[in-house]
Structures are given as C-alpha cells and as structure tokens.
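In what follows, residues are counted from 1 in the order of the sequence shown. Heavy atoms only: backbone and side chains are in, while hydrogens, waters and symmetry mates are out.
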Amino acid sequence: MQKFPATDIERSLPVLKIKELGQRKCDDCSDRCSDSIDADYIIDNEDIIFSWSGTLMVDVWCGGKCGLNQHLFKVTPLKNYPRWFVYYWTNRHLKKFKLIAKDKAVTMGHIRRGDLENAEVAIPTNQNLEAMAKQLYDYWFVQFDFPNEEGKPYKSSGGNMVWNEKLKRNIPIGWNNGTLIDIANITMGQSPDGTSYNEIGEGVLFYQGSTDFGMRFPSVRQYTTAPSRFAKKGDILMSVRAPVGAVNIANNDCCIGRGLSALNSKIGSTTHLYYILNDLRIAFDQRNAAGTTFGSITKEDLYNLPIVIPAKEVISAFDKICSPMFDRQMLLGEEIDTLIKQRDELLPLLLNGQVLVNSDLSHN
C-alpha cells in the first residue's frame, strides 16, 4: 500500500494488518491508503481474508472497508460457489499451510499464492448441493434453529416461541402465518388447442404436465403455435394434477398446460420458495400413501395453502447462503441435459455405423 499513500484523510482507508485481522477491527492509528485504489485491493465486510505470512489465519472480515496489506490474500469465491464453502475449505487446509510455512521459515514463515490456489477441495455434486440446501432449510424453517444475533441456533438456545392459532404450532416471535399467494406469484396453466401442437419447433416450447418432468428440468417434447399461459426461465413448475406437488425448474421461457402452475417469489428468494414447495410435495405424498389421493388441486386451494412466513432478515440470510448453490445446481443441470442430448443423438449413429470412435482417443 506504499504505492497508494493517502493524500486526503477524508478520502482514505485504513490498511488492514495481520494483528488487526485477529482482533477483527482496524486500530485508530492504522496506516492509511487512498480510497481510489483498484477494487481488488479493497476489503469489505464478509470478504474472506487469509494471512499468508507470519501468523497464518483465515477469517471473514466484519470490520468495515479497508485496504489490503501485502501480507494478506483476499479470497473471492468464483460464481456459483457460496462464500461459506470457500471459507470452510480454506480453513480446513490451515494446518497444512502452517506446516508448509514452518518448513520455509527463515525469519518469518509463509506460504505462496500457489499453495493456496492449488489446495485440493471436494466439489459437491448436484445431489450433494440439493441435500445441503435442504438440510439447511430444515434446520432454519422447520426446526427453527436459524442463527440468532449471537450466531447460535435460535430455538435450541432458548429463542422466544409463540403459539400461532392458525398454524396450530409454536413459531419464532416476529414470524407470521400466511398463505402461498402471500409469498409467490402463481400462474395456473391452460392447455392450447390441440391442433397447435407440433414436434418440429414451431411456436413456443410447451409443457403439458408432470409427464414432461425430468430430474430437475422438463424434457422438450412438443411446441405450440397458440400459447396461452406462460412461465419464464427460472420459474418453479409445480404439478397441479396427479401427482400433485411434483416440481421442476423452467430452463427456458415456455407455455404451460393445465397440468402445471408456474411460481416465482414475491420476496426475492427462489430457494426459499423452492423448498417450501418441496415440503408441500412431501405432505401430498404422505397423504397419497395414507390413501387420500389428490387427483388435482384447484387455483383457490393452491393460493390458500398455509405457510409460515419468516422474518425478512432470516430469508435474506438463507438466500445469501443457498442462492449460489441453487445457481450451481442450475448450471450443472443444464450441462447434464446437454450431455444427454448429445448421447441420444450420437448413440443411434454409432449403432448404425454412421460414425466411428477415434481409436487413439478411446485408448487415451
């Protein structure tokens, strides 16, 4: 930061040092640098900071905006990887980094940037990401053990719970009862005239019902030239006919038939809405298993499904953690669909001898 000295104290930032990282705040007498430096060298709240020289440590900074000292790395997650995931793996390798630094110690132990960049991590699969996000949803919104102001599990740490007569259960103080329409924009599907259907790509992509559903995204089977009800890319598609409650994600703008509804969040959290619908699906499945079969669900019934509405700050915190995982799932799902399409196109050609596998590549 010697290259960027502060010339105006009013337009300057404190320079974060290793000692101050440990105490989680800058000293009043800290060195200062210009606030017009490149954004890569500016630290802000929630940035992951790693000290690579002397006292090795990693922490999530919460002491306000400051400049990056030359003995610190700012670790920025790539798109689709949540901050907590990167922090966890950096912290997991800390013991190994300290051994590397000790081995290199002359006057002051250190590690190189390459040591950090090349540290191995276990990249979660789509199923792992789904399980992680679902487990977090259960902890926060079913068991009510979201982090309190001290970062401890709310209910398990004695958080105040109040009886809600409409929900017939205790919920955290400040939370409310509501219905699905309170948190979601809902479009009920409507099937176009059957004569408009085609499989040659004319018109708009069309999904009739859950028979079009795949593992995460619906399969493309047909189109319509007379679309009537629409879903946008990223909307949650929910089956409103048997099996009621099955969900997929629209990975393209499309037309939806009478077997589906399209939902998106009114409160800015697709992940929260997705796991609410997943819980509702489980409830429908349990009733079906008990012999109470749901042939369909009406618009009024769907709108009025009872739900718990959490405090806004809890939903925001959940979305901040889970939204990158959800985005990553979307990306992996799209890649899987592309590979399946390529397989389905190439396999008949291979079987018919119309294309051959390169023998050199097959041995490699």
Are [X] and [Y] connected in the hydrophobic side-chain network, where two residues link if heavy atoms are under 4.5 Å apart?
{"X": "Met188", "Y": "Val204", "answer": "no"}
{"X": "Leu263", "Y": "Phe230", "answer": "no"}
{"X": "Leu339", "Y": "Leu350", "answer": "no"}
{"X": "Ile307", "Y": "Leu136", "answer": "yes"}

Just so I know, are the side chains of [X] and [Y] near enough to count as touching, which here means a heavy-atom distance under 4.5 Å?
{"X": "Leu94", "Y": "Phe50", "result": "yes"}
{"X": "Cys66", "Y": "Glu20", "result": "no"}
{"X": "Met57", "Y": "Ile18", "result": "yes"}
{"X": "Tyr275", "Y": "Trp140", "result": "no"}

Name all residues meeting the ring pair (Phe, Tyr, Trp, His ring centres under 6.0 Å) criterion together with [X]; count only those two or more places apart in sequence or in a different chain, and write none if there are none.
{"X": "Trp61", "value": "none"}
{"X": "Tyr197", "value": "Phe206"}
{"X": "Tyr87", "value": "none"}

Donor-acceptor contact below 3.5 Å, side chain Ser316 vs main chain Glu313: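 Absent.
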Donor-acceptor contact present, side-chain Ser239 to main-chain Arg241, <3.5 Å: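 Side chain of Ser239 to backbone of Arg241: a pair is present.
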Cluster companions of Leu347 among Ile, Leu, Val, Met, Phe, Trp, Tyr (side-chain spacing under 4.5 Å):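 ILVMFWY cluster around Leu347 also holds Leu351.
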Hydrophobic cluster of Phe213, others only, ordered by chain and residue number, side-chain cut-off 4.5 Å: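 ILVMFWY cluster around Phe213 also holds Leu205, Tyr207, Val220, Tyr223, Leu237, Ile256, Leu260.
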Aromatic plane relationship, Trp52 with Phe73 - under 30° parallel, 30 to 60° tilted, over 60° perpendicular: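 Ring orientation of Phe73 relative to Trp52: parallel.
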Residues which pass side chain to side chain donor-acceptor pair (under 3.5 Å) with Lys19, listed by chain and number, not counting sequence neighbours: Asp27
Exercise: do Asp301 and Thr298 side chains pair donor with acceptor under 3.5 Å: yes
Side-chain donor-acceptor pair present, Asn304, Thr179, cut-off under 3.5 Å: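 Side-chain D/A pair, Asn304 to Thr179: absent.
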Flag yes if more than 12 heavy atoms outside [X] fall under 6.0 Å of its [atom1] atom; otherwise flag no.
{"X": "Lys152", "atom1": "NZ", "result": "no"}
{"X": "Lys74", "atom1": "NZ", "result": "yes"}
{"X": "Glu345", "atom1": "CD", "result": "yes"}
{"X": "Arg229", "atom1": "CZ", "result": "yes"}
{"X": "Gln23", "atom1": "CD", "result": "yes"}

Working for side-chain contact (heavy atoms from CB on, under 4.5 Å), residues Gln222 and Gln208: CA-CA 9 Å; Gln222 57 188 347; Gln208 179 70 274; 4.3 Å; yes
Tyr154 and Phe146 aromatic centres sub-6.0 Å: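 Yes, the ring centres sit under 6.0 Å apart.
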Lys96 with Asp115: basic N within carboxylate O range, under 4.0 Å: no
